[in-house]
Amino acid sequence: MARRNKLYEGKAKVLYEGPEQGTLVQYFKDDATAFNAEKKDVIDGKGVLNNRLSEFFMTGLTQLGVHNHFIKRLNMREQLIRACEIIPLEVIVRNVAAGSMAKRLGMEEGTPLPRPIVEFSYKDDALGDPLVPEEYIVAFGWASQQDLDDIVAIALRVNDYLSGVMYGVGIKLVDFKIEIGRVWEDDFMRLIVADEISPDSCRLWDIESGQKLDKDVFRRDLGSLTDAYTEVARRLGVMPSNVTHAPKPEIIN
Ligand code: UDP
């Protein structure tokens with residue numbers, strides 16, 4: 001059996017060399033981390049759910065003409081993706097004040113914002129992913145002004161799509177994070193949505209009860225993360241609720 005070439009291992013995912021040039025295999029782990037990896041756990045079934053949910057959202061974006069890295073799902077935990085050069089920014093879109101914004105500005109979590117707000121953090125765990133103004137991004141050459149304008153437009157399209165999909169199943173999209181990568185097509189560079197879109201990177205609140213259905217369940221010890229993500233998947237019709245709990249195959253001697 002050939003051994004795969006592991007290219008990168010992050011907190012929640014592993015990237016392997018893909019079968020063809022320009023492709024990668026993205027493996028979703030069950031590991032959960034928060035507060036810059038100070039809090040860690042293994043959550044049974046999280047990887048399976050996020051693999052399916054990210055596939056669902058990326059496929060929907062493709063149908064709307066929003067280019068992204070997803071090619072196809074390979075199995076329960078892996079998907080084939082386009083290799084891209086990740087821009088070292090976390091692109092955050094907010095509809096409602098929560099998390100670090102609420103804290104920074106002394107706002108009550110849940111306060112609706114006058115309009116969607118796009119902000120950027122510089123991806124660097126050692127620095128705690130600091131918030132950066134657009135001017136830093138252009139001055140340090142992480143992205144050009146034209147790229148930034150395109151990134152904001154992409155982020156807002158993703159926000160419209162995700163908000164609508166979630167609203168349809170009784171969930172409020174409070175905020176989310178995406179990452180953007182560059183791919184080259186002949187002489188042209190294209191910006192694509194990369195990384196993942198899942199309840200790990202969104203804040204999702206049930207519209208009726210306000211119940212949290214995202215990674216805050218883990219960050220704030222609010223119950224079972226698998227149950228929360230399974231509920232999101234169930235409402236979206238992404239997978240039957242019992243798949244993640246399927247028993248592992250038995251080894252018969
Ligand atoms: N987020 C993320 N990865 C990060 C930081 C934030 O996916 O490293 C997501 C987070 O889940 C939330 C949104 O981005 O949906 C805004 O996060 P915030 O800035 O409020 O930071 P947090 O409160 O999560 O530290």
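None of the values given here were measured: they were computed from a predicted structure. Counting convention: from 1, in listed order, for ligands and their atoms alike.
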With heavy atoms only and a cut-off of under 4.0 Å, state how V174 meets ligand 1: side chain, backbone, both or neither.
neither
One finds that the ligand 1 atoms under 4.0 Å from a non-hydrogen atom of G99 are 20 (O), 23 (O)
Test P116 against every option in V96, D175, N159 by the side-chain contact (heavy atoms from CB on, under 4.5 Å) rule and name the one that passes.
N159
Atom 9 (C) of ligand 1: the protein heavy-atom neighbour that sits closest, reported with distance to 0.1 Å:
K177 CB, 3.6 Å
Under a heavy-atom criterion of less than 4.0 Å, does R203 contact ligand 1?
yes
Please determine whether any non-hydrogen atom of D216 lies less than 4.0 Å from an atom of ligand 1.
no
Can you list the residues that meet the side-chain hydrogen bond (donor to acceptor under 3.5 Å, both in side chains) rule with E85, with sequence neighbours excluded?
R182
Cluster link V158 to V169, ILVMFWY, side chain under 4.5 Å:
yes
Is L53 close to I197 at the side-chain level, that is, under 4.5 Å between some pair of heavy atoms?
no
Hey, could you give me the CG/OG distance between L89 and S121, rounded to the nearest 0.5 Å?
8.5 Å
Considering non-hydrogen atoms only, spot the tightest contact between D214 and R203 and give its length.
OD2-CA, 3.3 Å
Return the closest protein heavy atom for atom 21 (O) of ligand 1 as residue, atom name and distance.
S100 OG, 3.7 Å
Can you tell me which residue and heavy atom of the protein come closest to atom 15 (O) of ligand 1, and the distance to 0.1 Å?
D175 OD1, 2.6 Å
Which ligand 1 atoms, with their elements, are less than 4.0 angstrom from a heavy-atom of D200?
7 (O), 11 (O)
Please identify which atoms of ligand 1 are closer than 4.0 Å to at least one heavy atom of R219.
10 (C), 11 (O), 24 (O)
Would you say the ring centers of W142 and F120 fall short of 6.0 Å from each other?
no
Is there a protein heavy atom at a distance of less than 4.0 Å from atom 25 (O) of ligand 1?
no
Determine, using heavy atoms of K103 and all atoms of ligand 1, whether some pair is separated by less than 4.0 Å.
no
Would the number of heavy atoms belonging to other residues, nucleotides or ligands and lying under 6.0 Å from CZ of R115 be above 12?
no
Output the list of atoms in ligand 1 that are nearer than 4.0 Å to some heavy atom of C202, sorted by atom number.
15 (O)
For D129, the atoms of ligand 1 under 4.0 Å from one of its heavy atoms are 8 (O)
Just let me know how A102 lines up against ligand 1, side chain, backbone, both or neither, with a heavy-atom cut-off below 4.0 Å.
neither
Quick check on the hydrophobic clustering: are F28 and F56 connected, directly or via other members, by side-chain heavy-atom contacts under 4.5 Å?
no
Scan side-chain atoms only and decide if N5 and E17 contain a donor-acceptor pair under the 3.5 Å cut-off.
yes
For the 3.5 Å polar cut-off, considering only N or O atoms, please tell me whether E90 and ligand 1 meet it.
yes
Under 4.0 Å to a heavy atom of R94 - the qualifying atoms of ligand 1, by number:
16 (C), 18 (P), 19 (O), 20 (O)
